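The shown structure was predicted, so the numbers you read here are calculated from the model rather than taken from an experiment.
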Amino acid sequence: LSTRTGVASGELARLGRALQNTGMDADMIGPIFDRFNIAIAEASEGTGEAGAALQKLGIPLEQLKGLAPEQQFEVIGKAIQGVSDRSERMNLAIDIFGRGSGTRLLRLFEDYEGTMARVDQQLGIFPRIMNEMSAAFEDAGTEMAAVDDKFVEFASGVISEFMPAIQAIAKGLASID
């Protein structure tokens, strides 16, 4: 997910918990950033609705280009929350994050700093560990998948040695009246 979204593993953990703390499913973090990254790319190309939304928020694209995706998310979220009209906030959030996530993210943006401070209290050093160890965790996961494959390969080899006996037993059982 970190590779796909461009967001560091520890930040994904923080944002996932923030979503949970504001009533959303932590699994939404991937689709939210997928949509968000597309919106930023479209805005850079001058297409899509996000470019106009960023202009309304007073956020120049140049300001976002030097930031990590999670920092872009924060800048935009705080800017959206700074809009006084609720329906305009909702429309801007939809233009940038999509219809499904935009309106639900407003709850997170209402008190972004407070929510993230609570998240940091809840998670402690976990995000730092995830950032430092994400490559090792990924490697371990790959190796564990290989172990799982080896078990299937081993079992297939063992079963193949006994297949003539298994077939004879099955044939004998099938012929019993």
Side-chain angles (χ1 to χ4, degrees), residues 1-84 86 88-142:
L1 184 61
S2 180
T3 302
R4 186 178 92 209
T5 62
V7 179
S9 298
E11 290 304 310
L12 287 171
R14 290 179 74 234
L15 290 166
R17 178 63 63 92
L19 293 180
Q20 286 178 319
N21 289 353
T22 56
M24 292 180 72
D25 187 349
D27 290 339
M28 290 297 300
I29 198 70
I32 286 169
F33 270 92
D34 289 343
R35 172 67 178 105
F36 176 65
N37 287 332
I38 290 168
I40 296 300
E42 288 175 349
S44 295
E45 295 168 356
T47 61
E49 299 169 338
L54 292 173
Q55 282 184 331
K56 288 179 187 175
L57 290 169
I59 302 173
L61 277 172
E62 291 303 316
Q63 177 187 352
L64 296 177
K65 285 184 180 177
L67 301 176
E70 65 270 17
Q71 293 169 318
Q72 294 173 343
F73 180 84
E74 180 178 356
V75 166
I76 292 170
K78 287 179 178 179
I80 288 172
Q81 191 51 38
V83 174
S84 59
R86 178 153 174 82
E88 182 64 14
R89 276 196 313 269
M90 189 176 304
N91 288 331
L92 291 166
I94 289 170
D95 287 348
I96 296 169
F97 297 102
R99 186 164 304 282
S101 300
T103 55
R104 292 166 44 191
L105 283 170
L106 290 177
R107 186 159 176 217
L108 170 61
F109 297 149
E110 285 174 5
D111 183 22
Y112 188 84
E113 289 178 2
T115 299
M116 296 313 287
R118 282 188 298 283
V119 164
D120 290 338
Q121 273 185 322
Q122 292 169 345
L123 295 180
I125 65 169
F126 179 69
R128 181 177 58 82
I129 292 169
M130 288 300 296
N131 285 338
E132 291 172 1
M133 302 298 296
S134 64
F137 289 145
E138 188 172 329
D139 288 346
T142 300

Trainee: Could you grab the distance from atom CD of E11 to atom CZ of F33, nearest 0.5 Å is fine?
Mentor: 9.0 Å
Trainee: Quick one: sort the F36 and F97 rings into parallel, tilted or perpendicular, breaks at 30° and 60°.
Mentor: parallel
Trainee: How far apart are the C-alpha atoms of V7 and S2, what are their side-chain angles, what is the distance that settles it, and do they pass the side-chain contact (heavy atoms from CB on, under 4.5 Å) test?
Mentor: CA-CA 5 Å; V7 179; S2 180; 5.6 Å; no
Trainee: Report the C-alpha distance between Q72 and Q63 in whole Å, list the side-chain angles of each, state the deciding distance to 0.1 Å, and finish with yes or no for side-chain contact (heavy atoms from CB on, under 4.5 Å).
Mentor: CA-CA 9 Å; Q72 294 173 343; Q63 177 187 352; over 6 Å; no
Trainee: How about I76 and I40: do any of their side-chain heavy atoms sit closer than 4.5 Å?
Mentor: yes
Trainee: To the nearest 0.5 angstrom, please state how far the CD atom of E49 sits from the CD1 atom of I96.
Mentor: 10.5 Å
Trainee: Side chain to side chain donor-acceptor pair (under 3.5 Å): which pairs involve residues 99-114, sequence neighbours left out?
Mentor: K78-E113
Trainee: Please tell me if the side chains of L15 and M116 come closer than 4.5 Å, counting only heavy atoms from C-beta onward.
Mentor: yes
Trainee: Please answer whether the main-chain N or O of V119 pairs with a side-chain N or O of R17 as donor and acceptor at a distance below 3.5 Å.
Mentor: no
Trainee: Are P69 and N37 close enough that some pair of their side-chain heavy atoms sits under 4.5 Å apart?
Mentor: yes
Trainee: Quick one: does L105's side chain get under 4.5 Å of M24's, heavy atoms only?
Mentor: yes
Trainee: Do L19 and D27 come within less than 4.5 Å of each other through their side chains, counting heavy atoms only?
Mentor: no
Trainee: For L123 and R14, which heavy atoms make the closest approach, and how far apart are they?
Mentor: CD1-CA, 3.8 Å
Trainee: Just how far is it from atom CG of L108 to atom CD of E74, taken to the nearest 0.5 Å?
Mentor: 10.0 Å
Trainee: Within this structure, what is the CZ-CG distance for the pair R89 and L57, rounded to the nearest 0.5 Å?
Mentor: 11.5 Å
Trainee: Main chain of D25, side chain of Q20: is a donor-acceptor contact present, judged purely on distance under 3.5 Å?
Mentor: no
Trainee: Quick check: closest heavy atoms across P60 and G58, and the distance to 0.1 Å?
Mentor: CD-O, 3.4 Å
Trainee: Using only atom types and a distance under 3.5 Å, with no angle test, would you say the side chain of D95 pairs donor to acceptor with the backbone of A50?
Mentor: no
Trainee: Can you list the steps and then say if L54 with L64 is a side-chain contact (heavy atoms from CB on, under 4.5 Å)?
Mentor: CA-CA 10 Å; L54 292 173; L64 296 177; 3.9 Å; yes
Trainee: Which atom names give the shortest non-hydrogen contact between G102 and A93, and what distance separates them?
Mentor: O-CB, 3.3 Å
Trainee: Measuring from N131:CG to L12:CG, what's the distance to the nearest 0.5 Å?
Mentor: 9.0 Å
Trainee: Please confirm whether the backbone N or O of A68 pairs with a side-chain atom of Q71, one donor and one acceptor, at under 3.5 Å?
Mentor: yes
Trainee: Would you say the side-chain atoms of R118 pair up with the backbone N or O of G114, donor to acceptor, closer than 3.5 Å?
Mentor: yes
Trainee: For M90 and L106, which heavy atoms make the closest approach, and how far apart are they?
Mentor: CA-CD1, 3.8 Å
Trainee: Show your reasoning for whether side-chain contact (heavy atoms from CB on, under 4.5 Å) applies to T115 and F109.
Mentor: CA-CA 9 Å; T115 299; F109 297 149; over 6 Å; no
Trainee: Would you say that K65 contacts S44 through its side chain, given a criterion of any heavy-atom pair below 4.5 Å between the two side chains?
Mentor: yes
Trainee: To the nearest 0.5 angstrom, please state how far the CD1 atom of I80 sits from the CG atom of L92.
Mentor: 6.0 Å
